[in-house]
Colleague: 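Please see the structure below; I have some questions.
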There are 2 protein chains.
Amino acid sequence: MSAETLERRRESPARARILDTATRLFYAEGVHPVGIDRIIAEAGVAKATFYHHFPAKDELVRAYLEAEHGRQRAAAEMLRAASAGPREALLSLFDHLGETGAGPMFRGCPFTNAAAEYPDPAHPVRRTVAGYRRWSRELFRDLLAGCGHPDPEGTSAILMMIRDGIVVGSDLDDPDALRPLVRDAAVRVLDAPVPPA
Amino acid sequence: MSAETLERRRESPARARILDTATRLFYAEGVHPVGIDRIIAEAGVAKATFYHHFPAKDELVRAYLEAEHGRQRAAAEMLRAASAGPREALLSLFDHLGETGAGPMFRGCPFTNAAAEYPDPAHPVRRTVAGYRRWSRELFRDLLAGCGHPDPEGTSAILMMIRDGIVVGSDLDDPDALRPLVRDAAVRVLDAPVPPA
DNA sequence: ACGGTACCAGACAGATCTGTCTACGATCGG
DNA sequence: CCGATCGTAGACAGATCTGTCTGGTACCGT
């Protein structure tokens, strides 16, 4: 198969319709409860077309998560560019997280939600989730290093805890009660004295 | 139906076998992927017996979560009793969380995992999850109030974020790297100056 | 004009799943 | 001894699900 063929296939409007529909349904209702039949019906696509673009449902799940990863990378890059410095970028990342979590369509983190449906850590979907989380943690770490934090490694892991807590809590508890605490939480972790250890 | 009948039914060994098996399988593999047929086969119980004790699968899921809630209540009470004061109790709760997360069978929080499989917030299973989270948050709040913290309300919500971050991270990232950071994270949140707000 | 590719429509196999049902044995209080 | 209850074993209906396959249409580069 030629490179142009692969390229054309990746840009196919049918493929885009499948991926858009899957993104909407997977995020709103979960992966396993949403069947292929439903996706192709709502995308207006034939079954053969679906299996032409995606060899199996799991590959569609992976593509859904990869696309989400791409969107988050772009959003993070925009926030970083609009911020005065690394510390402001970090804090606006958390503000953004709190705002997203208070939106009406928020249903938690697509990655952790998907991971909950794939118990096997060796599964390709789980590896995709792991890749996203690695990127997220490294983003925190690099911004911390950029603003001269004495412990970027450990603090990035603790910021990751805060991040997970915001997305889980915004989904399962009251997101409006959580939102005003988001920046406070990040600042507490950022400005706390690092233990001697 | 008499009160004794209900009591006998609740203590039935067949019911206990069903619940134990369901607990093991639901936690390890998720709720939807584990079918009734598999549960009754591994529990050594007839199908009619299952539907005699549980009107539907969702009720079994609820019972599984309620039982887990009970175990966590007992564990928290033990830790509280063994601690010198509320602050020590709080910190040992987090230590306990980190240790559990590093165990070989750890698969994340049973409640958030179950919630990820039930998108509808009005579903009985989701209400059960919400009840557990309310209890957990109030436990934090009361311990904070007990050790004279100036902002038990907001800080309990931030500790809840840390809690969620520990269970998610222990499942999806490297639990052994996370464990030494757990107490540090809790202390940073506990001892940070409360913003003027 | 022709071959390759993309696409639609839908039947189909084979394997799930939940929940109901029949039929029968064991135990135990009254 | 009798009726209620608890239990086992398993067939069954009805609705899923994934992935394959057939058949036909349309475009596009050569």
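Here is how names work: the chains are called A, B, and so on, in the same order as the sequence lines, proteins then strands, and each is numbered from 1.
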Colleague: Of all residues at least two apart in sequence or in a different chain, which pass the side-chain contact (heavy atoms from CB on, under 4.5 Å) check with B:H32?
Modeller: B:E117, B:Y118
Colleague: What is the distance from CD1 of B:I39 to C1' of C:dG19, rounded to the nearest Å?
Modeller: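 My rounded result for the distance is 14 Å.
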Colleague: Not counting sequence neighbours, which residues clear side-chain hydrogen bond (donor to acceptor under 3.5 Å, both in side chains) with A:E77? List them please.
Modeller: A:R80
Colleague: Could you state the atom-to-atom distance from CZ of A:F50 to C1' of C:dA6 in whole Å?
Modeller: 16 Å
Colleague: Could you state the CD1-P distance from B:I36 to C:dT18, rounded to the nearest angstrom?
Modeller: 5 Å
Colleague: Of the options B:M161, B:R163, B:R133, B:M160, which is the one that meets A:V168 in a side-chain contact (heavy atoms from CB on, under 4.5 Å)?
Modeller: B:R133
Colleague: Could you state the atom-to-atom distance from CD1 of A:I40 to P of D:dG19 in whole Å?
Modeller: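 For the pair A:I40 CD1 and D:dG19 P, the rounded distance is 12 Å.
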Colleague: Please state how far atom OH in B:Y51 lies from atom C1' in D:dT5, giving the value in whole angstrom units.
Modeller: 21 Å
Colleague: Rounded to whole Å, how long is the line connecting atom CD1 of A:I18 with atom C1' of C:dC7?
Modeller: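 Rounded to whole Å, this separation is 10 Å.
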Colleague: Step by step, would you call A:L139 with A:W135 a side chain to side chain contact (heavy atoms under 4.5 Å, CB included)?
Modeller: CA-CA 6 Å; A:L139 175 65; A:W135 165 80; 4.0 Å; yes
Colleague: Please write out the pairs of protein N or O atoms and N or O atoms of nucleotides 7-10 of chain D separated by less than 3.5 Å, giving the distance to one decimal.
Modeller:
{"from": "D:dG7", "atom 1": "OP1", "to": "B:S12", "atom 2": "OG", "distance (Å)": "2.7"}
{"from": "D:dG7", "atom 1": "OP2", "to": "B:H53", "atom 2": "NE2", "distance (Å)": "2.6"}
{"from": "D:dT8", "atom 1": "OP1", "to": "B:R17", "atom 2": "NH2", "distance (Å)": "3.4"}
{"from": "D:dT8", "atom 1": "OP1", "to": "B:G44", "atom 2": "O", "distance (Å)": "3.0"}
{"from": "D:dT8", "atom 1": "OP2", "to": "B:A46", "atom 2": "N", "distance (Å)": "3.0"}
{"from": "D:dT8", "atom 1": "OP2", "to": "B:T49", "atom 2": "OG1", "distance (Å)": "2.7"}

Colleague: With sequence neighbours excluded, what pairs up with A:R107 under the salt bridge (charged side-chain N to carboxylate O under 4.0 Å, His left out) test?
Modeller: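 So A:R107 forms no salt bridge (charged side-chain N to carboxylate O under 4.0 Å, His left out) with any residue.
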Colleague: What parts of residues 20-35 of chain B reach DNA chain D, counting only heavy atoms under 4.0 Å away?
Modeller: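 The stretch gives none, as no residue of it lies under 4.0 Å from the strand.
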Colleague: I'd like to know if the side chain of A:R62 reaches the main chain of A:T128, judged simply by a donor and an acceptor atom lying under 3.5 Å from each other, with no hydrogens or angles considered.
Modeller: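 It does not hold such a pair.
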Colleague: Is the A:Y27 ring parallel, tilted or perpendicular to the A:F106 ring (thresholds 30°, 60°)?
Modeller: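 It falls in the perpendicular class, over 60°.
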Colleague: Holding to salt bridge (charged side-chain N to carboxylate O under 4.0 Å, His left out), I want the full list of residues that pass it with A:D191, two or more places apart in sequence or in another chain.
Modeller: A:R87
Colleague: In whole angstrom, what separates A:D37's CG from C:dA9's P?
Modeller: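 In whole Å, C:dA9 P lies 14 Å from A:D37 CG.
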